[in-house]
Amino acid sequence: QVQLVESGGGLVEAGGSLRLSCVASGSIFSINAMGWYRQGPGKQRELVARITSSGSATYSDSMKGRFTISRDNAKNMVYLQMNSLKPEDTAVYCCNADIKITRYSLWSNYWGQGTQVTVSS
């Protein structure tokens, strides 16, 4: 069983910063890409940022320059540093990862439960 567990969300004022963390645990052989998605109130889920196992990162245009994704492969963790937060960044932020549970299994996509980020104006 594979689990992704996020932490670090909370309430912050506009202009502030938060750092989200996500750890993957369980029967894991290998992790490929990891990423963060978010879903704001009344909105569809959208990509925030994604990072490959080699560290190559991509960002949604609205987050470029404000958010930084990073990962620690030894710890099966991915992070999201969020700076200059805006009220429109308010959302549930979910961790996502492509994981193999054995050498011979296919890549499967896993999601965490999410962590709430609320930015007050």
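Just so we're clear, the structure is a prediction, and the values are computed from it rather than from any experiment.
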List for me each residue that meets ring pair (Phe, Tyr, Trp, His ring centres under 6.0 Å) alongside Trp107, sequence neighbours excluded, and say none if there are none. none
Which residues pass the salt bridge (charged side-chain N to carboxylate O under 4.0 Å, His left out) test with Lys64, not counting sequence neighbours? Asp61
Quick one: side-chain hydrogen bond (donor to acceptor under 3.5 Å, both in side chains) partners of Ser7, sequence neighbours excluded? none
Would you kindly confirm whether Met77 and Trp36 end up in one hydrophobic cluster when ILVMFWY residues are joined by side chain heavy atoms under 4.5 Å apart? no
So which atom in Leu4 and which in Cys95 form the shortest heavy-atom distance, rounded to 0.1 Å? CD1-O, 3.8 Å
Thr68 and Leu80, any side-chain heavy atoms less than 4.5 Å apart: no
Dump the intermediate steps for side chain to side chain contact (heavy atoms under 4.5 Å, CB included) on Ile31 and Tyr110, then the final yes or no. CA-CA 10 Å; Ile31 303 177; Tyr110 292 87; over 6 Å; no
Enumerate, atom names and distances included, each donor-acceptor pair closer than 3.5 Å involving a side-chain atom of residues 9-30, sequence neighbours excluded.
{"unit_1": "Ser17", "atom_1": "OG", "unit_2": "Asn83", "atom_2": "OD1", "d": "2.9"}

Please answer whether the main-chain N or O of Ser105 pairs with a side-chain N or O of Thr102 as donor and acceptor at a distance below 3.5 Å. yes
Residues at least two apart in sequence or cross-chain that pass side-chain contact (heavy atoms from CB on, under 4.5 Å) with Ser53, listed by chain then number, are Asn32, Arg71
Members other than Leu47 in its cluster, when Ile, Leu, Val, Met, Phe, Trp, Tyr link by side-chain heavy atoms under 4.5 Å? Tyr37, Trp111
Quick note, salt bridge (charged side-chain N to carboxylate O under 4.0 Å, His left out) partners involving residues 108-121, not counting sequence neighbours, are none
Provide the full list of disulfide bond (SG atoms under 2.5 Å apart) pairs with a residue in residues 24-79, sequence neighbours left out, each pair given once. none
Return the set of residues passing side-chain hydrogen bond (donor to acceptor under 3.5 Å, both in side chains) with Thr58 (not counting sequence neighbours), or none when no residue passes. none
Check Ile69 against Ala57 and note the closest heavy-atom contact, atom names and distance. CG2-CB, 3.6 Å
I need the full list of side-chain hydrogen bond (donor to acceptor under 3.5 Å, both in side chains) pairs touching residues 85-100, with sequence neighbours left out, sorted by first then second residue. Arg38-Asp89, Arg38-Tyr93, Arg50-Asn96, Arg50-Asp98, Arg66-Asp89, Asn96-Asn109, Asp98-Asn109
In sequence, state the C-alpha distance, the side-chain angles, and the governing distance for Ser54 and Thr52, and then conclude on side chain to side chain donor-acceptor pair (under 3.5 Å). CA-CA 5 Å; Ser54 60; Thr52 67; 3.0 Å; yes
Is it possible for you to say whether Met34 and Ile101 belong to one hydrophobic cluster, with membership spreading through side-chain heavy-atom contacts below 4.5 Å? yes
With sequence neighbours left out, the residues meeting ring pair (Phe, Tyr, Trp, His ring centres under 6.0 Å) with Tyr59 are none
Above 12 or not: heavy atoms from other molecules or residues under 6.0 Å from CD of Glu46? yes
Group every Ile, Leu, Val, Met, Phe, Trp and Tyr by side-chain heavy-atom contacts under 4.5 Å, then state whether Val92 and Val48 land in the same group. no
Students should find that the hydrophobic cluster of Tyr104, defined by side-chain heavy atoms under 4.5 Å apart, otherwise consists of none
Flag yes if Tyr79 and Ile99 sit in one hydrophobic cluster, no otherwise; membership is Ile, Leu, Val, Met, Phe, Trp, Tyr, and two members link when side-chain heavy atoms are under 4.5 Å apart. no
